[in-house]
Protein chains: 2
Amino acid sequence: MEHRIERIKKQLHAQSYKLTPQREATVRVLLEREEDHLSAEDVYLLVKEKAPEIGLATVYRTLELLSELKVVDKINFGDGVSRYDLRKEGAEHFHHHLVCIECGSVEEIVDDLLGDVEKIVENDWGFQVKDHRLTFHGVCKQCQETAVQSKTS
Amino acid sequence: MEHRIERIKKQLHAQSYKLTPQREATVRVLLEREEDHLSAEDVYLLVKEKAPEIGLATVYRTLELLSELKVVDKINFGDGVSRYDLRKEGAEHFHHHLVCIECGSVEEIVDDLLGDVEKIVENDWGFQVKDHRLTFHGVCKQCQETAVQSKTS
DNA sequence: TTCTCTGCAAAACGTTTGCAGGGCG
DNA sequence: CGCCCTGCAAACGTTTTGCAGAGAA
């Protein structure tokens with residue numbers, strides 16, 4: 001945890017940005033809730049618990065900054081809010097998401113499933129891939145089981 | 001073109017919706033600019049050229065309706081606007097996008113590249129896939145060539 | 001000092017909604 | 001009549017911005 005903060009601090013310094021207390025508090029929230037795909041508002045409320053004087057605009061500016069530095073990925077599941085996802089440490093590939101249309105849960109896939117697909121895109125379309133976004137919408141394991149149970153009961 | 005309008009008309013009727021003049025004008029714009037990934041505002045301005053009395057809200061309501069009927073796909077490239085993409089006639093699989101980070105152009109991939117990946121997700125995660133969104137961000141062929149030219153000149 | 005960063009409030013943006021009226025069965 | 005649909009304007013929720021001040025180098 002601490003060394004990840006250190007690492008981000010260095011990334012900021014490398015571009016002459018500072019890790020201010022507000023920025024650090026924001027980063028800590030993202031680290032603590034790494035699995036949660038928080039919206040800016042979510043982050044704001046959590047940061048406010050530790051540092052009540054922080055402003056929403058600062059959170060937005062921090063998330064924007066972290067996004068530019070590729071410390072976080074800004075993702076969008078189509079519900080009108082941007083969500084912010086810490087990049088896995090040292091991960092070269094981006095992670096994908098399984099969004100359940102029943103319960104709204106979001107699962108992460110860390111495996112890189114797109115190696116072959118990227119090669120096809122580069123070879124057949126001459127498109128140089130820098131980043132990708134892949135989201136599956138469907139029914140998660142739990143909801144499938146729940147559906148079966150309610151049928152048999 | 002006309003038979004595609006007919007088809008959509010039938011889809012609407014099947015759910016007891018009407019193809020009003022405003023809806024038809026909207027659909028025509030989508031058909032004419034099929035390659036263009038228009039935002040609601042874009043559609044509105046284009047429809048207004050033919051039917052100046054139309055309101056923006058009607059365009060939104062129509063796009064929403066067409067989206068529910070799966071006539072169009074609502075997509076989001078992360079720039080804060082929803083875009084609307086006519087579904088290819090008879091296409092069972094959804095299409096993917098190549099977004100150029102240099103010039104902003106959007107290319108479509110109609111091939112279904114994700115068959116194998118979906119199987120992995122279903123088998124390994126027990127997740128029942130209903131839909132997917134795949135977007136690559138990178139540099140398109142033209143921009144790569146332009147970059148090479150400006151280096152050699 | 002100079003420069004970055006912050007908090008607040010206001011503004012901007014895309015989108016949705018309430019409502020009164022229109023059109024058609 | 002009843003019902004669906006429309007246009008307008010207002011409202012909404014998210015995100016951005018202007019600005020004056022705080023704080024560090």
Side-chain angles (χ1 to χ4, degrees), chain A residues 8-29 37-69 71-85 104, chain B residues 8-9 11-29 37-69 71-85:
Chain A
I8 291 165
K9 189 172 179 176
K10 278 180 193 150
Q11 282 183 267
L12 285 165
H13 287 169
Q15 318 257 348
S16 15
Y17 294 115
K18 297 167 206 163
L19 185 63
T20 63
Q22 292 91 334
R23 287 177 183 166
E24 183 171 337
T26 305
V27 169
R28 282 185 188 278
V29 164
H37 310 91
L38 302 172
S39 68
E41 184 87 33
D42 295 336
V43 174
Y44 170 63
L45 292 174
L46 289 166
V47 172
K48 227 174 159 57
E49 288 176 12
K50 308 179 176 185
E53 72 289 354
I54 201 170
L56 178 57
T58 302
V59 172
Y60 270 102
R61 283 187 278 232
T62 301
L63 292 171
E64 170 73 22
L65 180 60
L66 294 174
S67 193
E68 273 166 30
L69 296 183
V71 172
V72 302
D73 285 319
K74 189 174 179 179
I75 50 178
N76 200 308
F77 295 137
D79 58 349
V81 267
S82 293
R83 297 175 183 281
Y84 298 85
D85 229 11
Chain B
I8 291 166
K9 189 172 180 175
Q11 281 183 266
L12 284 164
H13 286 167
Q15 318 256 348
S16 15
Y17 293 115
K18 298 169 204 163
L19 185 64
T20 62
Q22 292 90 335
R23 288 178 183 167
E24 182 170 336
T26 305
V27 170
R28 283 185 187 278
V29 164
H37 309 91
L38 302 172
S39 68
E41 184 87 31
D42 295 336
V43 174
Y44 170 62
L45 292 174
L46 289 166
V47 173
K48 226 170 160 56
E49 288 176 12
K50 307 178 177 185
E53 72 290 354
I54 201 170
L56 179 57
T58 301
V59 172
Y60 270 102
R61 284 187 278 234
T62 301
L63 292 171
E64 170 73 23
L65 180 61
L66 294 174
S67 193
E68 273 166 30
L69 296 183
V71 172
V72 302
D73 285 320
K74 189 174 177 177
I75 50 178
N76 200 308
F77 295 138
D79 59 349
V81 269
S82 294
R83 298 175 182 279
Y84 299 86
D85 230 12

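Numbers restart at 1 for each chain; the letters A, B, ... are given by sequence-line order, proteins then strands.
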**Asked** How far apart are the C-alpha atoms of B/V29 and B/E49, what are their side-chain angles, what is the distance that settles it, and do they pass the side-chain contact (heavy atoms from CB on, under 4.5 Å) test?
**Response** CA-CA 10 Å; B/V29 164; B/E49 288 176 12; over 6 Å; no
**Request:** Only counting residues at least two apart or in another chain, list the ones meeting salt bridge (charged side-chain N to carboxylate O under 4.0 Å, His left out) with B/D85.
**Result:** none
**Asked** Looking at residues at least two apart in the chain, or sitting in another chain, which of them share a salt bridge (charged side-chain N to carboxylate O under 4.0 Å, His left out) with A/K18?
**Response** none
**N or O in side chain of B/T20 less than 4.0 angstrom from D/dT6 OP1/OP2** = yes
Under 4.5 Å between any side-chain heavy atoms of [X] and [Y], yes or no?
X: B/V81; Y: B/E41; value: no
X: A/I8; Y: A/L69; value: no
X: A/T20; Y: A/T58; value: no

What protein N or O atoms touch nucleotides 14-17 of chain D N or O atoms at under 3.5 angstrom, if any, and at what distances?
residue: D/dT15; atom: OP1; partner: A/S82; partner atom: N; Å: 2.9
residue: D/dT15; atom: OP1; partner: A/S82; partner atom: OG; Å: 3.2
residue: D/dT15; atom: OP2; partner: A/Y60; partner atom: OH; Å: 2.5
residue: D/dT15; atom: O5'; partner: A/Y60; partner atom: OH; Å: 3.2

**Item:** B/E53/B/Q22 under side-chain contact (heavy atoms from CB on, under 4.5 Å): CA gap, chis, key distance, verdict
**Value:** CA-CA 9 Å; B/E53 72 290 354; B/Q22 292 90 335; 5.6 Å; no
Please tabulate the protein-to-nucleotide N/O contacts below 3.5 Å involving nucleotides 21-25 of chain D, giving atom names and distances.
none

**Message:** Tell me whether the count of non-hydrogen atoms from other residues, nucleotides or ligands lying under 6.0 Å of NZ in A/K48 goes above 12.
**Reply:** yes
**Asked** Is the CZ atom of B/F77 crowded by more than 12 outside heavy atoms at less than 6.0 Å?
**Response** yes
**Fill in**
Outer limits of DNA chain C sitting under 4.0 Å from a non-hydrogen atom of chain A, read 5' to 3', are C/dC5 to C/dC8
**Request:** Only counting residues at least two apart or in another chain, list the ones meeting side-chain hydrogen bond (donor to acceptor under 3.5 Å, both in side chains) with B/E24.
**Result:** B/R28
**Request:** Could you tell me the separation between the CD atom of B/Q22 and the P atom of D/dC4, rounded to a whole number of Å?
**Result:** 17 Å
**Fill in**
Rounded to whole Å, the CG-C1' distance (B/L19 to D/dC4) equals 14 Å
